[in-house]
Structure formats: C-alpha cells, structure tokens
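Some notes on the structure that comes next.
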Amino acid sequence: MRRDVFQAIADPTRRAILTLIALQAMTPNALAEHFDTSRQAVSKHIKILTECQLVSQEQQGREIYYHFNPQKMKEVADWLAPFQKMWEERFDRLDNILEILKTEKNGQ
C-alpha cells in the first residue's frame with residue numbers, strides 16, 4: 001500500500017517516534033520503551049514511516065537503528081510555509097485591531 005507523508009504524520013504515535021529519533025537514532029526496542037504499546041505496534045508505525053521515507057534504517061551488527069530524514073520533513077515544512085505566512089498575517093492584523101481598541105478604551 002502506498003502512503004503519503006501526510007498520512008504518516010497524521011498519527012500521534014508516529015509523530016512522537018519522529019520527535020524521538022530526530023534527537024538520536026534508535027532501535028525499535030528503545031523506541032518501544034517510550035510507549036504503552038507493544039514493540040510490534042511500534043514496528044508497524046516505523047514501517048509506515050520508512051515507506052514514506054521519513055525514516056531510514058541502518059544495520060549495526062544485530063541491531064537496526066532508525067534515523068530521522070530531515071529532507072523529507074522539509075518538504076512538509078515547505079508545503080506548509082505559505083499557510084503559516086497567511087496565519088501570521090492574520091494574527092498581525094488581529095494584534096493591530098486589538099491594540100487600536102485598547103488605545104481607544106484607555107483614551108476615553
């Protein structure tokens with residue numbers, strides 16, 4: 001099944017996994033220690049993240065370490081950037097209106 005990156009990051013457990021491995025590469029067992037689910041469930045999440053290229057794996061001896069792929073997340077950030085700019089502009093306009101109202105109230 002082909003999934004896209006937005007399906008992968010829609011799940012809170014997968015987002016938490018990404019946050020953990022963004023700090024350092026981790027094995028599935030090390031990742032599973034951070035969740036109340038089984039190692040098998042965590043492995044399924046890792047599989048989806050790997051399919052979407054958000055995570056890469058590296059074999060070191062008997063262990064597999066999972067690494068965060070910042071380039072793939074940059075694609076997400078780049079896609080969201082115009083929306084962020086739009087929200088910031090709206091908040092700036094709201095701040096201006098609130099400041100005007102505050103000034104008018106204090107001037108009465």
Side-chain angles (χ1 to χ4, degrees):
M1 171 184 246
R2 178 160 165 70
R3 295 179 174 93
D4 72 25
V5 68
F6 291 99
Q7 289 174 307
I9 62 173
D11 184 273
T13 301
R14 291 193 285 269
R15 289 194 304 267
I17 290 171
L18 289 172
T19 301
L20 287 168
I21 64 171
L23 300 173
Q24 67 179 33
M26 298 179 82
T27 64
N29 285 336
L31 282 166
E33 292 175 4
H34 293 273
F35 300 97
D36 290 332
T37 60
S38 67
R39 183 194 177 282
Q40 187 177 16
V42 170
S43 291
K44 287 182 181 178
H45 286 298
I46 292 171
K47 181 181 178 198
I48 292 169
L49 293 169
T50 303
E51 287 174 2
C52 295
Q53 301 173 344
L54 289 164
V55 169
S56 63
Q57 62 184 35
E58 176 186 10
Q59 182 86 35
Q60 290 184 9
R62 294 176 45 194
E63 297 286 347
I64 296 175
Y65 284 84
Y66 290 93
H67 298 265
F68 177 69
N69 180 0
Q71 185 58 41
K72 197 66 176 179
M73 284 303 290
K74 185 176 180 323
E75 290 176 20
V76 174
D78 289 347
W79 187 83
L80 290 172
F83 297 104
Q84 181 178 356
K85 182 178 178 186
M86 178 186 68
W87 297 323
E88 288 173 350
E89 288 171 356
R90 288 180 180 191
F91 283 126
D92 288 345
R93 286 191 303 230
L94 180 60
D95 284 343
N96 290 338
I97 290 170
L98 292 173
E99 188 62 37
I100 290 169
L101 292 173
K102 183 178 173 183
T103 303
E104 288 176 358
K105 183 178 179 182
N106 289 337
Q108 291 179 353

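Residue numbers start at 1 and run along the sequence shown. When reading the values below, keep in mind they use all heavy atoms of this one structure, side chains included, and skip hydrogens, waters and symmetry mates. Values in this document were obtained by computation on a predicted structure and should not be read as measured data.
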Might you point out which heavy atoms bring Asn69 and Val55 nearest each other, and give the distance in Å? CB-N, 4.3 Å
Roughly how far, to the nearest 0.5 Å, is OH of Tyr65 from CE of Met26? 10.0 Å
Contact summary for Phe35 and Ala16, nearest pair of heavy atoms: CE2-CB, 3.7 Å
State whether the side chain of Gln7 and the backbone N or O of Asp4 hold a donor-acceptor pair below 3.5 Å, judged by distance alone. yes
Shortest non-hydrogen pair, Val42 vs Ala32, comes out as CG2-CA, 3.9 Å
From Ile46 CD1 over to Leu31 CG, what is the distance, rounded to the nearest 0.5 angstrom? 5.0 Å
With rounding to the nearest 0.5 angstrom, report the CD to CZ distance, Glu51 to Arg3. 5.0 Å
Rounded distance (nearest 0.5 Å) linking atom CD1 of Ile9 with atom CE of Met73: 5.0 Å
Begin with the C-alpha distance, continue with both residues' side-chain angles, and end with the deciding distance and a verdict on side chain to side chain contact (heavy atoms under 4.5 Å, CB included) for Leu94 and Arg90. CA-CA 6 Å; Leu94 180 60; Arg90 288 180 180 191; over 6 Å; no
Applying a strict under-4.5 Å side-chain criterion to I, L, V, M, F, W and Y, I'd like to know whether Leu49 and Val76 cluster together. yes
Set of ring-ring contact (aromatic ring centres under 6.0 Å, His included) partners for Phe83, sequence neighbours left out: Trp79
State the CG-CZ distance between Asp95 and Arg93, to the nearest 0.5 angstrom. 11.5 Å
Straight-line distance of Lys47 NZ to Tyr66 OH, nearest 0.5 Å: 11.0 Å
Once side-chain hydrogen bond (donor to acceptor under 3.5 Å, both in side chains) is applied, do any residues pair with Gln60, and if so which ones, sequence neighbours excluded? Glu58
Locate the shortest heavy-atom distance separating Ile64 from Pro28; write the atom from each residue and the value. O-CD, 3.4 Å
Using a strict threshold of under 4.0 Å (side-chain N to carboxylate O), is an ion pair present between Lys85 and Glu88? no
Test question: given the 4.5 Å side-chain rule for I, L, V, M, F, W and Y, name all other residues clustered with Leu23, or answer none. none
For Phe6, does the CZ atom sit with more than 12 other heavy atoms under 6.0 Å from it, leaving out its own atoms? yes
With sequence neighbours excluded, tell me which residues meet side-chain contact (heavy atoms from CB on, under 4.5 Å) with Asn96. none
Apply salt bridge (Lys or Arg N to Asp or Glu O under 4.0 Å) to Glu33 and list each qualifying residue two or more places apart in sequence or on a separate chain. none
So side chain to side chain donor-acceptor pair (under 3.5 Å) across residues 9-29, not counting sequence neighbours, yields Arg14-His45, Asn29-Arg39
Treat each ILVMFWY residue as a node, draw an edge where side-chain heavy atoms are under 4.5 Å apart, and state whether Phe91 and Met86 are in one component. yes
